Amino acid sequence: PKPSADPPATTVKSYACQRRTPLKHHNTFLTDALEILAENAEFNENEGRSVAFRRSASVLKALPHVVRGMDDLKNLPCLGEHSVRVIKEILEDGTSSEVESTRQSEQYQAMKALTGVFGVGVKSADRWFREGLRRPLDLIHTGQKLNLAQQAGVQYYNDLNRPVTKREAVAISHIVEKAVNAVLSGAIITLMGGFRRGKEVGHDVDFLITHLEEGAEEGLMPKVLNWLEEQGLLLYQKTTRNSYLESKDGPARPPHNLDRFERCFSIFKLEKGKEGSGTSLNTSYDSGTTEGITGTTEQPGPSWRAVRVDLVVSPFSQFAFATLGWTGSKLFERELRRWAGQEKGMSLSSHALYDSKQRYLRANSEEEIFAHLGLEYIPPSERNA
Ligand code: 8DG
Ligand code: MN
Ligand code: MN
């Protein structure tokens with residue numbers, strides 16, 4: 001057969017969970033812009049608009065080439081009229097006036113700064129913005145009433161807004177392993193979230209903890225936290241039952257399963273110089289002031305930093321679902337649940353999958369869950385939707 005004149009047009013599937021999205025892609029100049037608009041829509045509590053921009057951006061992340069002209073957008077799914085207009089403007093003028101004015105706007109900047117405080121959501125940030133507050137320190141200066149999470153958020157603001165490196169994530173892994181092993185032998189600890197998808201930095205470190213022996217994981221979270229507390233490694237923690245979205249669109253499940261599934265938002269105290277022990281590399285996250293050998297020189301700053309850590313405990317029977325649910329990205333997760341519901345009449349959560357007849361579908365691996373959903377398996381490194 002003769003080669004055709006035109007290369008085949010790139011086909012992109014419409015759900016993010018049907019396609020491969022690498023961490024590094026070719027269209028950051030467009031996706032960054034669309035994600036500013038998505039973020040701004042979130043600040044205005046317009047979820048529909050925010051998701052539309054995120055879906056558009058995500059499609060461009062999956063393309064194997066740079067978008068150079070409007071022709072490159074032909075046949076692409078999910079690109080709404082508004083997103084197309086923004087893309088067109090950037091392709092023609094180099095920038096989008098809407099994106100630039102959003103970026104410069106007092107509201108966007110204040111909302112970004114205020115929601116950048118751990119424990120502060122859009123609702124509080126918006127109320128403070130309307131009261132004239134602009135920066136995290138304004139919360140202190142105007143004597144706002146803050147809950148414990150927000151107090152910690154303000155106190156450790158600088159550290160928590162400094163990216164966590166892979167090296168630091170590994171150091172935290174060692175601490176979590178030590179803590180878990182001290183209170184229960186044979187537990188399995190897995191790094192989740194962005195680091196599992198291959199990211200080199202993150203805003204936090206996410207862990208999933210389970211045990212091969214069903215039930216052995218019960219009561220583990222408080223014991224681990226006690227141990228960490230005694231060692232002086234915890235700056236803040238809040239444990240909750242993991243009932244994420246379950247009550248809204250989740251299936252009926254035995255209540256005892258829900259009861260023992262726990263999560264913890266925490267802030268760890270990580271000693272500087274502890275990260276990367278065992279290698280001669282000494283890449284410090286700051287201005288290069290960390291000495292290779294600690295204790296022999298005066299440190300100009302504090303000898304530790306604060307790091308956000310999320311811990312989740314799952315019974316082994318739910319481990320595959322929890323693994324899939326905590327790997328991300330957030331959009332990938334959202335699209336998986338949308339696919340399950342809209343295309344298969346199924347119901348997926350980080351605990352279970354139920355088919356259209358409310359029958360529980362067992363799975364021992366992520367691969368089995370994708371298969372139940374009729375999806376090609378996408379490895380974590382390609383879930384950066
Ligand atoms: P980052 O920290 O590097 O910024 O990126 P990330 O690791 O992808 O983001 P994350 O905010 O730490 O979220 C990691 C995954 O955890 C994400 O896929 C969504 C999931 N997740 C939450 N909250 C909850 C929850 O309450 N329940 C469940 N099941 N999953 C959640 O963020
Ligand atoms: Mn994370
Ligand atoms: Mn997290």
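Keep in mind that this is a model prediction, so the values were computed, not measured. Positions are given from 1 along the sequence. One-based numbering, in listed order, for ligands and for the atoms of each. Excluded from the calculations below are hydrogen atoms, water molecules and symmetry mates; all remaining heavy atoms, backbone and side chain alike, are included.
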Show me which atoms of ligand 1 lie under 4.0 Å from any heavy atom of [X].
X: Asp204; answer: 2 (O), 12 (O)
X: Lys199; answer: 1 (P), 3 (O), 4 (O), 5 (O)
X: Gly194; answer: 6 (P), 7 (O), 8 (O)
X: Ser350; answer: 29 (N)
X: Gly193; answer: 7 (O)
X: Gly325; answer: 18 (O), 20 (C), 30 (N)
X: Arg263; answer: 23 (N), 24 (C), 25 (C), 26 (O), 27 (N)
X: Arg197; answer: 8 (O)

When you look at [atom1] of [X], are more than 12 heavy atoms from neighbouring residues, nucleotides or ligands closer to it than 6.0 Å?
X: Glu131; atom1: CD; value: yes
X: Glu200; atom1: CD; value: no
X: Arg127; atom1: CZ; value: yes

Take the Mn ion (ligand 2) and tell me which protein N, O or S atoms are nearer than 2.8 Å.
Asp204 OD1, Asp206 OD2
Would you call the rings of Tyr108 and Phe43 parallel, tilted or perpendicular, taking 30° and 60° as the class edges?
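It falls in the tilted class, 30° to 60°.
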Plane angle bin for Phe53 and His82 - parallel if under 30°, tilted between 30 and 60°, otherwise perpendicular
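His82 and Phe53: perpendicular rings.
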Would you please name every residue forming a side-chain hydrogen bond (donor to acceptor under 3.5 Å, both in side chains) with Thr21, sequence neighbours left out?
none
Working note: Glu335 + Arg54, criterion salt bridge (charged side-chain N to carboxylate O under 4.0 Å, His left out); need CA distance, chi angles, decisive distance, verdict.
CA-CA 11 Å; Glu335 293 279 279; Arg54 291 209 187 274; over 6 Å; no
Those residues at least two apart in sequence (or on a different chain) that pass ring pair (Phe, Tyr, Trp, His ring centres under 6.0 Å) with Phe207 are none
Those residues that, when tested against Phe321, pass ring pair (Phe, Tyr, Trp, His ring centres under 6.0 Å) (two or more places apart):
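Counting only residues at least two positions away or on another chain, Phe321 forms no ring pair (Phe, Tyr, Trp, His ring centres under 6.0 Å).
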Taking the side chain from Ser101 and the backbone from Ser97, do they hold a donor-acceptor pair closer than 3.5 Å?
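Checking the backbone N and O of Ser97 against the side chain of Ser101, a donor-acceptor pair under 3.5 Å is found.
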Within the side chain of Asp138, is there an N or O that forms a donor-acceptor pair under 3.5 Å with the backbone of Arg135?
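Pair found, side chain donor or acceptor close to backbone of Arg135.
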Any N/O of [X] closer than 3.5 Å to an N/O of ligand 1?
X: Asp310; value: no
X: Gly202; value: no
X: His203; value: yes

Considering Phe195, Phe321, Trp326 one by one, which has a heavy atom nearer to atom 31 (C) of ligand 1 than any of the others?
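That would be Trp326.
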Would you call Arg20 and Glu376 a salt bridge, taking side-chain N to carboxylate O under 4.0 Å as the test?
yes
